[in-house]
Amino acid sequence: MAFEGLTERLQNAMRKLRGKGKVSESDLRETMREIRLALLEADVNFTVVKDFVKQVRDRAMGADVLEGLNPAQQIVKIVDEELTKTMGDEAVPLNKSAKIPTIIMMVGLQGAGKTTTAGKLALKLKNEENARPLMIAGDVYRPAAIDQLVQVAAGIDVPVFQLGTDVDPVEIVRQGLAQAEKDHNDYVIIDTAGRLQIDEQLMDELANIKELAHPDEILLTVDAMTGQNAVATAEGFNGKLDVTGVVLTKLDGDTRGGAALSIRSVTGKPIKFIGQGEKMTDLDVFHPDRMASRILG
Ligand code: GDP
């Protein structure tokens, strides 16, 4: 289960306070030490942990929390609020274009769940907005990638624009956008190539697609199971492409929590959606407050 270890350790750290009628500064110091260790062990970025702990400690010390009624309960509330803040406070909606089509470019490393997420998003838009998306198959390096997108699209009854693997991806996107214009699609979702790791050629190609397509949204798909690597990946993609949002996948797995808690603070970019399974309906809007509650258990 996701966050299992983190939840347990945070609960334990704070449970110790609950037995006490009054919380001393040294009790608080001990709790903060345990919270810090719990976060580090969950693979949360070191600077994020440091800032988080400082923030909680300052608030607990500052507002006479220790002297007041139910100090333990108040500290739980502060931790909850600061977790929420660390993840961005509010849900951030998908960027939309004033005139159709809204263009969404999917980027990410191979295996992160980009193609699956493209399909999930298309289905979500169809179901919730009655939208008519077109998907563009821009990953020309793996023939299987196009087949996979075609299969995903067929399952949700969404058209795919593809020109096989012998055409330059920028040209595919150009023609795909022309097709969308002709067919009055309200969304275009561009699936792009991924690699096992970030390389310059991939980034240049994505930058060229971005320059041509002027996407309203560049959604970076990262695998929550990869912890700090997900954060490094996000920094790499964001540095080159200035992404507009992140999709965190595989939160149905036993991820420790590092990616969810670090990405917003480290990159400044919001997590917009979370993937919670392999089915096409397993995509949800990311709500920082709900995630904080889930982490606290
Ligand atoms: P891509 O290479 O980035 O396009 O990745 P794919 O879309 O092919 O996904 C890689 C694998 O991860 C596939 O087996 C997907 O079914 C799986 N996957 C994607 N998103 C999720 C998710 O949210 N949860 C789980 N459990 N599996 C996922």
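Just so you know, ligand 1 is whichever comes first in the structure, and atom 1 is the first atom listed for that ligand. Side chains are part of it too, since the values below use all heavy atoms of this structure and drop only hydrogens, waters and symmetry mates.
- The residues D242 and K269 are annotated as salt-bridged, a charged nitrogen and a carboxylate oxygen being separated by less than 4.0 angstrom.
- With F52 as the aromatic partner, R36 does not meet the cation-pi criteria of under 6.0 angstrom to the ring centre and within 45 degrees of the ring axis.
- Among protein heavy atoms, the minimum distance from atom 3 (O) of ligand 1 is reached at K114 N, 2.7 Å.
- When only non-hydrogen protein atoms are considered, atom 21 (C) of ligand 1 lies nearest to G277 O, 3.6 Å.
- Ligand 1 places these atoms under 4.0 Å from at least one heavy atom of Q276: 23 (O).
- Taking 4.0 Å as the cut-off, G108 does not count as a neighbour of ligand 1 on heavy-atom distance.
- At under 3.5 Å, not a single nitrogen or oxygen of L251, backbone or side chain, sits near a nitrogen or oxygen of ligand 1.
- Within the listing of ligand 1, atoms 6 (P), 7 (O), 8 (O) sit less than 4.0 angstrom from a heavy atom of Q148.
- A donor-acceptor contact closer than 3.5 angstrom links the side chains of E171 and Q175.
- Considering only residues two or more places apart in sequence or on other chains, K77 meets the side chain to side chain contact (heavy atoms under 4.5 Å, CB included) condition with E81.
- For atom 14 (O) of ligand 1, the nearest protein heavy atom (residue, atom name, distance) is E278 OE1, 3.5 Å.
- Heavy-atom proximity to G275, at under 4.0 Å, picks out these atoms of ligand 1: 23 (O).
- Of the polar atoms of D282, none of the N or O atoms is found under 3.5 Å from an N or O of ligand 1, judged by distance alone.
- In this structure, a donor-acceptor pair under 3.5 Å is present between the side chains of N12 and R15.
- Ligand 1 lies less than 4.0 angstrom from a heavy atom belonging to G111.
- Side-chain atoms of D223 and T226 form no donor-acceptor pair, as typed in the model, at a separation below 3.5 Å.
- There is no side-chain donor-acceptor pair under 3.5 Å between D147 and Q151.
- At a 4.0 Å heavy-atom cut-off, ligand 1 touches K120 through the side chain alone.
- Note that the CD atom of Q74 and the CG atom of L17 stand 12.0 Å from one another [nearest 0.5 Å].
- Side-chain atoms of D191 and T115 include a donor-acceptor pair closer than 3.5 Å.
- Counting only heavy atoms from C-beta outward, the side chains of K124 and M280 never approach each other to under 4.5 Å.
- Within the structure, ligand 1 lacks D139 among the residues with a heavy atom less than 4.0 angstrom away.
- The shortest contact between atom 5 (O) of ligand 1 and any protein heavy atom is with G113 N, 3.0 Å.
- Counted by atom type alone, E217 and T244 present one or more donor-acceptor pairs between their side chains at under 3.5 Å.
- Heavy atoms of D191 found under 4.0 angstrom from ligand 1: none, in either backbone or side chain.
- Nearest non-hydrogen protein atom to atom 18 (N) of ligand 1 is K250 CE, 3.9 Å.
- Under 4.0 angstrom from ligand 1, the non-hydrogen atoms of D252 all belong to its side chain.
- At the top of the distance list for atom 7 (O) of ligand 1, counting protein heavy atoms only, stands T116 OG1, 2.5 Å.
- With hydrophobic clusters built from ILVMFWY side chains whose heavy atoms lie under 4.5 angstrom apart, I218 does not share a cluster with L125.
- In summary, the side chains of Q110 and Y141 do not present any donor paired with an acceptor at a separation below 3.5 Å, with no hydrogens or angles considered.
- The shortest heavy-atom distance from G194 to ligand 1 is not under 4.0 Å.
- The shortest N/O to N/O separation between T249 and ligand 1 does not fall below 3.5 Å.
- Annotation for ligand 1: atoms under 4.0 Å from non-hydrogen atoms of L109 are 3 (O).
- Looking at T117 next to ligand 1, no N or O pair under 3.5 Å apart turns up.
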